[in-house]
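Below is one structure; the comments refer to it alone.
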Amino acid sequence: MPDFIKSIEESARVILDLSLIAQDVKSAADMMLKSINDGGKIFWFGNGGSAADAQHFAAELMVRFKRNRRPIASIALNTDTSLLTAHSNDFGYETVFARQIEALATEKDVVIGMSTSGKSENIRLALETAKSKGIKTIGLLGGDGGTIRSLCSIALTPNSSTTAHVQEAHLVVGHYLCETIEHFLSI
């Protein structure tokens with residue numbers, strides 16, 4: 001049986017180690033805020049637990065985080081089941097996010113790909129598409145950032161390869177991004 005205290009300690013270590021990427025997290029918040037103030041949108045996408053987190057963060061910006069304010073154009077690309085299943089059936093799952101970026105995103109926007117391994121092919125292709133269109137990219141990654149890291153304007157990579165702990169750290173980072181944007185956004 002796993003030791004609960006050791007699990008908590010490892011989780012805490014990964015979260016405390018986020019201080020090592022604090023400047024990158026601040027830069028990501030600044031990039032997102034500039035996009036929003038310039039009329040851009042924030043696109044989030046991921047698979048599995050990262051898809052759930054993408055929806056969560058998009059909702060925090062679109063609705064509210066801590067205070068009532070104007071909505072922020074923020075969209076999770078993994079939420080439209082008709083689109084996801086039609087595209088996957090007709091073209092394959094690898095390009096499901098890239099196609100949406102191609103159709104919806106502009107140079108004013110920021111796209112945020114989430115992959116706890118840093119190796120998800122559909123996330124990589126979407127970030128590659130965004131980069132080819134001159135769109136700023138952020139990666140919420142894990143491990144060493146994998147093949148995705150080089151496609152990110154800013155790669156936010158917690159110090160862990162354990163999926164659960166990476167996701168816990170992504171939650172902390174995502175909440176900070178939402179709080180910072182909301183704090184500096186005019187009502």
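At most 12 heavy atoms of other shown residues, nucleotides or ligands fall within 6.0 angstrom of atom NZ in Lys136. The local environment of NZ in Lys133 is crowded, with over 12 non-hydrogen atoms from other residues, nucleotides or ligands closer than 6.0 Å.
Partner Leu140 forms a side-chain contact (heavy atoms from CB on, under 4.5 Å) with one of Val173, Val166, Thr116 and no other, that one being Val173. Of the residues Ile101, Val111, Ile112, the one that meets the side-chain contact (heavy atoms from CB on, under 4.5 Å) test with Thr137 is Val111.
Ser117 places a side-chain N or O within 3.5 Å of a backbone atom of Lys119 that can act as its donor or acceptor partner. Remark: the backbone N or O of Ala164 is not paired with any side-chain donor or acceptor of Thr162 at under 3.5 angstrom. Distance alone, capped at 3.5 Å, is enough to place a donor-acceptor pair between the Asp109 side chain and the Thr106 backbone. Not a single donor-acceptor pair under 3.5 Å links the side chain of Ser35 to the backbone N or O of Met31. The closest donor-acceptor contact from the side chain of His170 to the backbone of Leu141 lies under 3.5 Å. Although no hydrogens or angles enter the test, the distance criterion places a donor-acceptor pair under 3.5 Å between the side chain of Gln100 and the main chain of Val96.
Tracing side-chain contacts under 4.5 Å through hydrophobic residues (I, L, V, M, F, W, Y), one never reaches Val63 starting from Tyr176; they form parts of separate clusters. Follow the hydrophobic side-chain contacts under 4.5 Å out from Ile75 and you never reach Ile36; the two are in separate clusters. By the rule that hydrophobic residues join a cluster once side-chain heavy atoms approach within less than 4.5 Å of another member, Leu61 and Phe184 end up as members of one cluster. Tracing side-chain contacts under 4.5 Å through hydrophobic residues (I, L, V, M, F, W, Y), one reaches Ile42 starting from Val25; they form part of the same cluster. Side-chain heavy atoms closer than 4.5 Å link hydrophobic residues (I, L, V, M, F, W, Y) into clusters, and following such links, possibly through other members, connects Leu33 to Ile138.
Classification of Asp38 and Lys108 as a salt-bridged pair fails, no side-chain N sitting under 4.0 Å from a carboxylate O. For Glu102 and Arg99, the salt-bridge test fails: no basic side-chain N is under 4.0 Å from an acidic carboxylate O. Between Arg69 and Glu182, at least one side-chain nitrogen of the basic residue sits less than 4.0 Å from a carboxylate oxygen of the acidic one, meeting the salt-bridge criterion.
Put simply, the side chain of Trp44 reaches to within 4.5 Å of the side chain of Ser74, judged on heavy atoms. The side-chain heavy atoms of Phe45 and Leu127, taken from C-beta on, include a pair separated by under 4.5 Å. Here the side chains of Ile72 and Leu185 are in contact, with some heavy-atom distance below 4.5 Å. Asp17 places none of its side-chain heavy atoms less than 4.5 Å from the side chain of Pro158. You'll find the side chain of Leu177 stays beyond 4.5 Å of the side chain of Glu60, heavy atoms only.
Distance OG1/Thr85 to CG/Asn89: 7.5 Å, rounded to 0.5 Å. Atoms CD1 and NZ, on Ile154 and Lys26 in that order, are 10.5 Å from each other to the nearest 0.5 Å. Considering CG of Asp30 and OG1 of Thr180, their distance stands at 8.5 Å, rounded to 0.5 Å. In this structure, the separation between OG on Ser50 and CE on Met114 is 5.0 Å, given to the nearest 0.5 Å. Taken from NZ in Lys131 to SG in Cys152, the straight-line distance is 9.0 Å, to the nearest 0.5 Å. One distance of note links SG of Cys178 with CZ of Arg64; it measures 12.5 Å at 0.5 Å rounding.
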Practice problem: Could you give me the CA-CA distance, side-chain angles and deciding distance for Phe43 and Val110, then say whether side chain to side chain contact (heavy atoms under 4.5 Å, CB included) is met? | Solution: CA-CA 6 Å; Phe43 292 97; Val110 172; over 6 Å; no
Practice problem: Would you please test Arg149 and Thr157 for side chain to side chain contact (heavy atoms under 4.5 Å, CB included) and show each step? | Solution: CA-CA 9 Å; Arg149 183 181 200 88; Thr157 308; 2.9 Å; yes
Exercise. I would like to know whether Leu18 and Leu20 meet side chain to side chain contact (heavy atoms under 4.5 Å, CB included); could you show each step before the answer?
Key: CA-CA 5 Å; Leu18 289 173; Leu20 301 171; over 6 Å; no
Exercise. Let me see the working for Glu9 and Lys6 under salt bridge (charged side-chain N to carboxylate O under 4.0 Å, His left out), right down to the final yes or no.
Key: CA-CA 5 Å; Glu9 289 171 347; Lys6 285 184 181 177; over 6 Å; no
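Side-chain polar atoms of His87 and Thr95 form a donor-acceptor pair below 3.5 angstrom. Of the N and O atoms on the side chains of Glu168 and Ser11, at least one donor lies less than 3.5 Å from an acceptor on the other residue. At a cut-off of 3.5 Å, with distance as the only test, no side-chain donor of Asn78 or Asn47 sits close to an acceptor on the other residue. No hydrogens or angles considered: nothing links the side chains of Glu179 and His183 as a donor-acceptor pair under 3.5 Å.
For the residue pair Gly40 and Ala73, the shortest heavy atom distance occurs at O-CB, 4.3 Å. Here the shortest heavy-atom pairing between Gly118 and Ser115 reads N-OG, 3.0 Å. Shown here for Ser160 and Arg13, the closest heavy-atom pair between the two residues is CB-NH2, 4.5 Å. Across all their heavy atoms, Ala76 and Ala58 have their closest contact at N-CB, 3.7 Å.
Between Phe97 and Tyr93, the angle of the ring planes goes over 60°, which puts this pair in the perpendicular group of the 30/60° scheme.
Residues His175 and Phe65 place their aromatic rings such that the two centres sit under 6.0 Å apart.
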